[in-house]
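Below is one structure; the comments refer to it alone.
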Protein chains: 2
Amino acid sequence: MEPKKRFIEIVQQLRTLIREEQIKEGDKLPSERVLSERLQVGRSAVREALRSLELLGLIETKHGGGTFLSTSPQHKLIEVLATFIMNDKKSITDVHATRLLHEQEAIRVICRNEKMRQLPVWESLFIRLEVKENVVRKDVLREIMIACDNRLALRIWLQLEAYSGKPMYGFITVQEKPYVLTLVKALQLGLEQEALQAHLAWVHHNTEKGDKEHGDS
Amino acid sequence: MEPKKRFIEIVQQLRTLIREEQIKEGDKLPSERVLSERLQVGRSAVREALRSLELLGLIETKHGGGTFLSTSPQHKLIEVLATFIMNDKKSITDVHATRLLHEQEAIRVICRNEKMRQLPVWESLFIRLEVKENVVRKDVLREIMIACDNRLALRIWLQLEAYSGKPMYGFITVQEKPYVLTLVKALQLGLEQEALQAHLAWVHHNTEKGDKEHGDS
DNA sequence: CTTTTAAAAGTGGTCATACCACTTTTGGAG
DNA sequence: CTCCAAAAGTGGTATGACCACTTTTAAAAG
């Protein structure tokens, strides 16, 4: 085997430390200076490892505040990829297509798995939609990605989602609500084709119209 | 907008520099010291940007040799992800499932696109397989991923593939050749279901038997 | 006592320097 | 010309010093 990169080792050590220290999501990590002493490496080496984790959205850093385990992953990964290898408009298309790809597969997986279909989250979503509560688009899709139980795919999707921009953060409008309701219902019943179709129709509806609203900062 | 992270800016500057300097894949980039002077930032800042690009497989660094634009992307991304957020055996399962997901979608896209189906690469592959030439498994799948023309998905797949390990680098055996031939032929003819099925059967065949051979270092 | 506010300590961000390990280039010996 | 050792170049790491910003602390004001 080729010799491991240094910062990969440090990442592994950080992982062990986090587990031993029982550091949970949102908690503060030891400072860079403390870490460099604990791990017996220079601060610059620690920073390179932390930078990698930040790029993947696994940690968040606040200037002057500290380093924290991420709660809701904010990555920079796709942003770097996009600015670096993609020049033209095709970047947006690719991100969109790749995101859709993951969502469609998740729907397939869920439809074919009885336990996933019976998760209470679907009933909960259905009620929230029917009761005219404002539901953010992203939330529905995130639940789907979470349900299909592939943490790696979830990570990738979260990164794609964050780069998809504002439309994902908008509320579900009255016009598009039928698509979502159909999607959720079809998911519960395991109607794969219907669910896939509803999802596509929904996404298509959103991309046709240029929504500008978005929920939170 | 929130103020951009420093290393993101530097990544963009690097991109501009690479374009202006006409640096192509495989070419050497200016040294870290030169870059830090050209961009008027510290060497550590340059290194953080370069580390990000390396993590994404966009550049390769050789200790004592220099920094080069990647020809065939070498990740580290999935490795970091896997070692950090995945503890148990499920990591391997997730990587595998996610890779399959991308391959299946690529097959669907190709089958539904006439131009992609008519690419000469399929005929070429078919001949190479029939003539008993040794063909590496990874190569077939990579051609498929390339053909479907989603650079982002291709990047992600390449990273997943690299983490999938040795089986991908093995040669296609006589036993599994029928699956591959069926897959390629079905691709050309646009027989979506048959292609998907052949692909699954092939992968299943490979994961059942534990191949140890692998082609190059 | 509580509230307010300014100083101090802590932390990430950046730069500069020095040194090490390794590779590439160079130039002289044969 | 070939071969090989020295020199130069380059990435890798550690250290120290600042800066900008946040959090904590403690003194001052009410």
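All chains are named by letter (A, B, ...) in the order of the sequence lines, taking the proteins before the strands, and each is independently numbered beginning at 1.
Judged purely by atom type and a 3.5 angstrom limit, B/N113 has no side-chain atom pairing as donor or acceptor with the backbone of B/I110. Judged by distance alone, with hydrogens and angles left aside, the side-chain atoms of A/K177 form a donor-acceptor pair with the main-chain N or O of A/L129 at under 3.5 Å. Within the 3.5 Å criterion, the main-chain N or O of A/I172 finds no donor-acceptor partner in the side chain of A/R137. A donor-acceptor contact shorter than 3.5 Å links the side chain of A/W122 to the backbone of A/M116.
Atom CD in B/E133 sits 9.5 Å away from atom CG in B/L125 (nearest 0.5 Å). Taking CG of A/L101 as the reference point, atom SG of B/C148 lies at 8.0 Å (rounded to 0.5 Å).
In this structure, the CG atom of A/L29 is 19 Å from the P atom of D/dT22, given to the nearest Å. Between B/E37 atom CD and D/dT10 atom P there is a gap of 12 Å when expressed in whole angstrom units. Between the CD atom of B/E32 and the P atom of D/dT13 there is a distance of 11 Å, rounded to whole Å. Across the protein-nucleic acid pair, A/F68 atom CZ and C/dT11 atom P stand 10 Å apart, rounded to whole Å. As rounded to whole Å, 7 Å separates atom P of D/dA14 from atom CD1 of A/I10. Spacing between atom CG of A/L50 and atom P of C/dT14 amounts to 14 Å, rounded to whole angstrom units. Between the CD atom of A/E48 and the P atom of C/dG12 there is a distance of 16 Å, rounded to whole Å. Between B/E54 atom CD and D/dG12 atom C1' there is a gap of 11 Å when expressed in whole angstrom units.
Sequence order on DNA chain D of the closest nucleotides to A/Q40 and A/K62 puts A/Q40 first from the 5' end. Each of B/A45 and B/K28 was matched to the nucleotide of DNA chain C holding its nearest heavy atom; the match closer to the 5' end belongs to B/A45.
With the end axes of the helix from C/dC1-D/dG30 to C/dG30-D/dC1 each set by five pairs, the angle from one to the other reads 10° at 10° resolution.
Counting non-hydrogen atoms under 4.0 angstrom, B/S36 reaches nothing in the nucleic acid. Within the 4.0 angstrom heavy-atom criterion, base atoms lie near A/S44.
Listed candidates were D/dT13, D/dA14, C/dG12. Nearest to the side chain of B/R43 is D/dT13. Here the side chain of B/V41 is nearest to one of C/dT14, C/dC15, D/dA14, namely C/dC15.
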Would you tabulate the side-chain donor-acceptor contacts of residues 33-40 of chain B under 3.5 Å, counting partners in other chains and residues two or more places apart, or write 'none'?
{"from": "B/S36", "atom 1": "OG", "to": "B/R33", "atom 2": "O", "distance (Å)": "2.9"}
{"from": "B/R38", "atom 1": "NH2", "to": "B/E21", "atom 2": "OE2", "distance (Å)": "3.1"}
{"from": "B/Q40", "atom 1": "NE2", "to": "B/E37", "atom 2": "O", "distance (Å)": "3.0"}

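Side chain to side chain, B/Q175 and B/H205 fail the donor-acceptor criterion of an N or O pair below 3.5 Å.
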**Study point:** Derivation and outcome, side chain to side chain donor-acceptor pair (under 3.5 Å), residues A/E176 and A/T173
**Key:** CA-CA 6 Å; A/E176 65 192 269; A/T173 62; 2.9 Å; yes

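The aromatic rings of B/H102 and A/H102 lie perpendicular to each other, with more than 60° between the two planes, well past the 30° mark.
At the phosphate of D/dT10, neither OP1 nor OP2 sits under 4.0 Å from any side-chain N or O atom of B/T61.
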Taking only N/O atoms, report every protein-nucleotides 20-22 of chain C pair under 3.5 Å with atom names and distance.
{"from": "C/dA21", "atom 1": "N3", "to": "B/H63", "atom 2": "NE2", "distance (Å)": "3.1"}

